[in-house]
Amino acid sequence: MTLSEKFQALRRQIIDEEYSDLNPRQREAVYYSDAPLLILAGAGSGKTTVIVNKIGYLLKYGNTYNCDEPSFDVTQSDLEYLEESFRDPSIRLTNGYSFLMREARYSPYELLAITFTNKAAAELRERIGAKFNLDTTSLWALTFHSVAMRIIRQYAHLLGFEKNFSVYDENDSIRLIDSILKRLNINQQYTGKKVKHYISQAKMSYQTPEEFADVFDDRQNSHVPLVYDLYQQGLKEANAMDFDDLIFYGVKLLEDFPEVAERVNNRFKYVLVDEFQDTNDLQSRFVRLLAKGGKICVVGDDDQSIYRFMGASPDNILSFDHIYPDAMTVRLEQNYRSTENILDAANSVIAHNRSRKGKTLWSENGTGEKITYHNLPSQFEEGQLIASKILEGKVRQGKKYSDYCVLYRTHAQSNNIETALRSNGIPYRVFGSLAFYKRKEIQDMLAYLNVINNPYDYTRLSRIINEPKRGIGDTTLEKVLALAVRDERKFYDVLKDAKSYPELSKAAEKLTSFVALIEKYREMVPTEPLPDLFEKLYGEIGYENMLKSTYGLEDYKSKHENVMELLSNIKQFIADADDPTLGGYLEQTALVSATDTLDDGDDAAVLMTMHCAKGLEYDTVFITGFEEGLFPSMPSLGSTADIEEERRLCYVAMTRAKKKLHIISTRSRLLYGTVRPGIPSRFLEEIPHENMETAGGINHDPYARVQPKPQPRQPRITQIPVTVMPERHSTAVKYSAGQRVRHKIFGEGVITEAVNMSSDSLLTIEFEKAGVKKLMANFAKLETID
DNA sequence: TTTAGCTCAATTTTT
DNA sequence: TTGAGCTAAA
């Protein structure tokens, strides 16, 4: 054995030792860094751990493990030092040691890790920072859009934009499109939302308006390409970009401007992409361009691709090895999250999909409990069942509320469940329904900041110019717009000059004072701390007074609190951001969704859509509304590809559960104001018998599709308490088993069990008509019968 | 210019 | 059923 071979063997031993916590597949994924790498990471397979370790490995060892011969002459003393450090862990991490180990070590500056969500990016940064004592500020672990944003900021002038450009979210974009449709006087067969969708698709195909016009063949709506064109003009005039533009212009800079490509490609030597199954064609193109100067590794799970409807093409992952013929694939199939019953069931469901790479998850977590299937009369019982299961788990098994997660296909389903949880005193949180940043008061205040930052942002400007009311109405704005078009001036410049336009007559005064307000704050920006500026602004424009006089006391309070929340958000940002400026703050808010603020601090059950649940895990999961037409959803029933996406969603939902999974379908469901019969979802039949039990018995056989029978009208709760976190007050009445009681809805029954909790008791009551229910004494409002 | 009442539409949404 | 956005009247 030559010195060099000994050295090689020894350092492999050392590296293996360092990564001994990982399983062999995970290690392979970490070590393999020579060629394009596709990591197919099943649900719960320790994907983030692998990414973090891989980044650490690249920083420390480069591609040491797989190179056959060290590229330098190994001396006897190198070997001795290595041997010594191997025996004595305390010398392991010294500089001398890592120098000897390194073959082609990467600097943090040369690495780029791309994710979809800010949350994932933040988690990555945090874990890298915690694991390696390294300066990771130069390591980019960012979302797709932030990566593009950083590049575009630097080269905005090449694209004809100012550096301080605004970013439009979905809402802003639709506002702009609506205003164009209105101007064109197009009969509203196509809503702004629909047109936005087409434009978005065009951008994802990297088509300019002209190119799009050539291929768009919907004659009925031939104006769409024109709207696309006008929309782009409008954005440019407002010095603004939408989300798709960020990627679009990112690609453009890298393709059309060699000097940009050169700088970028000289920098990034290793590009990692997370959730690759969610990339759309343009994003995937962007990734290829970014990775041109180095190596690439993508991580994803084709079985968890659930955003095809937004343009994601799971084909990107399926065809990775066509694009990179020398690509290597590693499958991570060991699951560390769920029990075998849950995994086997999920595997069996997803196996019904045809377009997939194919993977089978396994675990060493034991068989666990079977999945429980419940077939219930209506959405009313669905809520009740969930409430009673949660209470039971809380009392009997000492579980926390936050161990429970309720999943549904559409937000509209949350109401029934909320009602049931409220009436049982179970604290809960609903995620994703009304995002913080989408609330009107927040959008308004942010629009002010945006206009102060970029007064040409016409869409935001028109949002706030009369909010609070300043007597500047649509008529005036239309006049200004007409003048701007006539004189080929920017909207804001006409406002500024309002007094020199006789056409504006009386309105000119109001317009000028609005401009003066904006200008005053623009001048304050460089010197005034942002939180102070914000507070002054909030007071000066009289927004709070407007809230007070427009809304009732409750609404006013909550809206004002939201604005205060925004203020503390600003303070926080200024305190710890890299770029604590107004521009920096707006950039952040533009790219940060409210789900990022998902705080899991308090003990509350969690309600969300199945889409929202991706990446999360809970001890016990309820999948509700397991009915044909709801899940899989009605619009998906016609196409195999859509059904397959629903099936992937089912797979995602099932694999969120660690220990226990409940699946619920109802025989009749009230949704969107109409009662519709429920037929158990086709996915139910795809779950093996041995992994699932059916609760109840009669009429509950999941494998015989139940024909809906007309059900007696369910009693409905009319009085709904408003509190989400109900107060607990001790009961005066003490209940005990054997007692007869009357419930407002369920009627008369006998208490069969009473379990005392801190200030309340969980009662199991056998009702004569309604059957057995579990209720909290404080909330059940029972009457005792002697 | 504002607002009350009416119509219409309603999967999923990382940025 | 719920809500957002538009029209008609004040």
Side-chain angles (χ1 to χ4, degrees), chain A residues 114-121 142-149 167-175 178 182 188 191-194 196-197 200 241-247 250 274-275 277-280 282-283 304-312 379 407-416 419 431-435 437-438 440 466-467 469-477 507 510 550 587-596 598 608-616 625 629-637 642 645-646 648-650 652-653 669-675 716:
Chain A
I114 309 178
T115 63
F116 270 87
T117 64
N118 291 294
K119 201 177 151 204
L142 303 169
T143 64
F144 268 96
H145 296 268
S146 312
V147 172
M149 174 78 99
V167 176
Y168 278 12
D169 65 16
E170 186 81 5
N171 249 340
D172 302 317
S173 298
I174 291 173
R175 275 177 101 89
D178 278 340
K182 207 171 165 190
Q188 298 281 5
T191 57
K193 205 172 154 194
K194 229 168 184 177
K196 171 78 208 330
H197 181 74
S200 186
M241 296 184 192
D242 66 18
F243 289 142
D244 297 317
D245 282 337
L246 289 174
I247 311 294
D274 192 11
E275 304 279 14
Q277 75 281 354
D278 290 338
T279 51
N280 62 41
L282 192 62
Q283 285 161 335
Q304 292 188 71
S305 161
I306 53 174
Y307 288 106
R308 213 176 59 99
F309 73 95
M310 278 180 77
Q379 78 284 342
L407 299 177
Y408 35 78
R409 181 65 240 270
T410 71
H411 288 298
Q413 289 164 256
S414 77
N415 233 329
N416 302 312
T419 308
F431 285 115
S433 53
L434 188 52
Y437 283 104
K438 287 199 171 142
K440 187 179 176 305
N466 200 29
E467 189 69 59
K469 304 282 179 274
R470 294 189 177 85
I472 304 173
D474 289 344
T475 330
T476 311
L477 288 186
K510 295 171 187 162
T550 323
E587 172 175 330
Q588 191 230 222
T589 52
L591 299 179
V592 168
S593 83
T595 36
D596 295 330
L598 187 153
M608 63 183 123
T609 65
M610 300 180 199
H611 283 87
C612 280
K614 198 170 76 158
L616 305 175
L630 191 55
F631 187 42
S633 71
M634 194 65 82
S636 72
L637 296 181
D642 287 346
E645 173 135 317
E646 297 281 306
R648 290 192 290 270
L649 187 58
C650 183
V652 168
R669 178 176 294 273
L670 176 70
L671 197 67
Y672 298 135
T674 43
V675 178
R716 292 231 310 276

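Remember, predicted model here, so these are calculated numbers, not experimental data.
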With sugar-phosphate meaning primed atoms plus P, OP1 and OP2, does [X] contact a base, only sugar-phosphate, or nothing at under 4.0 Å between heavy atoms?
{"X": "A:Ser633", "result": "base"}
{"X": "A:Ile472", "result": "sugar-phosphate"}
{"X": "A:Asp244", "result": "nothing"}
{"X": "A:Lys469", "result": "sugar-phosphate"}
{"X": "A:Tyr307", "result": "base"}
{"X": "A:Thr674", "result": "nothing"}
{"X": "A:Glu170", "result": "nothing"}

Starting the side chain at C-beta, find the nucleotide from [options] nearest to [X].
{"X": "A:Phe243", "options": "B:dT13, B:dT11, B:dT15", "answer": "B:dT15"}
{"X": "A:Leu670", "options": "B:dT14, B:dT11, C:dT1", "answer": "C:dT1"}
{"X": "A:Tyr672", "options": "C:dT2, B:dT11, B:dT13", "answer": "B:dT11"}
{"X": "A:Thr117", "options": "B:dT12, B:dT1, B:dT15", "answer": "B:dT15"}

Original post:
How are the rings of A:Tyr307 and A:His611 set relative to one another: parallel (under 30°), tilted (30 to 60°) or perpendicular (over 60°)?
Top reply: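 Plane angle between 30° and 60°, so tilted.
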
Original post:
How are the rings of A:Phe144 and A:Phe116 set relative to one another: parallel (under 30°), tilted (30 to 60°) or perpendicular (over 60°)?
Top reply: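 Correct class here is tilted.
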
Original post:
Do other residues, nucleotides or ligands put more than 12 heavy atoms under 6.0 Å from the NZ atom of A:Lys193?
Top reply: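 Count not over threshold, so no.
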
How long is the line joining [atom1] of [X] and [atom2] of [N], in whole Å?
{"X": "A:Phe144", "N": "B:dT15", "atom1": "CZ", "atom2": "P", "result": "13 Å"}
{"X": "A:Lys194", "N": "C:dG5", "atom1": "NZ", "atom2": "P", "result": "17 Å"}
{"X": "A:Leu637", "N": "B:dT12", "atom1": "CG", "atom2": "C1'", "result": "14 Å"}
{"X": "A:Arg175", "N": "C:dC6", "atom1": "CZ", "atom2": "C1'", "result": "15 Å"}
{"X": "A:Phe116", "N": "B:dT15", "atom1": "CZ", "atom2": "P", "result": "10 Å"}
{"X": "A:Asp245", "N": "B:dT15", "atom1": "CG", "atom2": "C1'", "result": "13 Å"}
{"X": "A:Phe431", "N": "B:dT14", "atom1": "CZ", "atom2": "P", "result": "13 Å"}
{"X": "A:Glu275", "N": "B:dT13", "atom1": "CD", "atom2": "C1'", "result": "14 Å"}

Original post:
Is the closest basic N to carboxylate O distance between A:Arg175 and A:Asp169 below 4.0 Å?
Top reply: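 Judged by the 4.0 Å cut-off on N to carboxylate O distance, A:Arg175 and A:Asp169 do not form a salt bridge.
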
Subject >> SB check A:Arg648 A:Glu646 (cutoff 4.0 Å) >> reply: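 No salt bridge links A:Arg648 with A:Glu646.
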
Original post:
Any donor-acceptor pair under 3.5 Å linking the side chain of A:Thr419 with the backbone of A:Asn415?
Top reply: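 Yes; at least one donor-acceptor contact below 3.5 Å.
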
Does a side-chain N or O of [X] approach OP1 or OP2 of [N] to a distance below 4.0 Å, or not?
{"X": "A:Ser636", "N": "B:dT11", "answer": "no"}
{"X": "A:Asn466", "N": "B:dT1", "answer": "no"}
{"X": "A:His411", "N": "B:dA10", "answer": "no"}
{"X": "A:Thr475", "N": "B:dT1", "answer": "yes"}

**OP:** Between A:Thr279 and A:Lys510, name the one whose nearest nucleotide on DNA chain B is closer to the 5' end.
**Re:**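 Mapping each residue to its closest nucleotide by heavy atoms, the 5'-most match is A:Lys510.
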
Original post:
With no angle test and no hydrogens, is the base of B:dT11 tied to the side chain of A:Arg409 by a donor-acceptor pair under 3.5 Å?
Top reply: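 Flag unset: no donor-acceptor pair detected.
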
Subject >> Stacking check A:Phe309 vs B:dT12 (5.5 Å / 30 deg) >> reply: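 Taking the rule of under 5.5 Å and under 30°, the ring of A:Phe309 does stack on B:dT12.
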
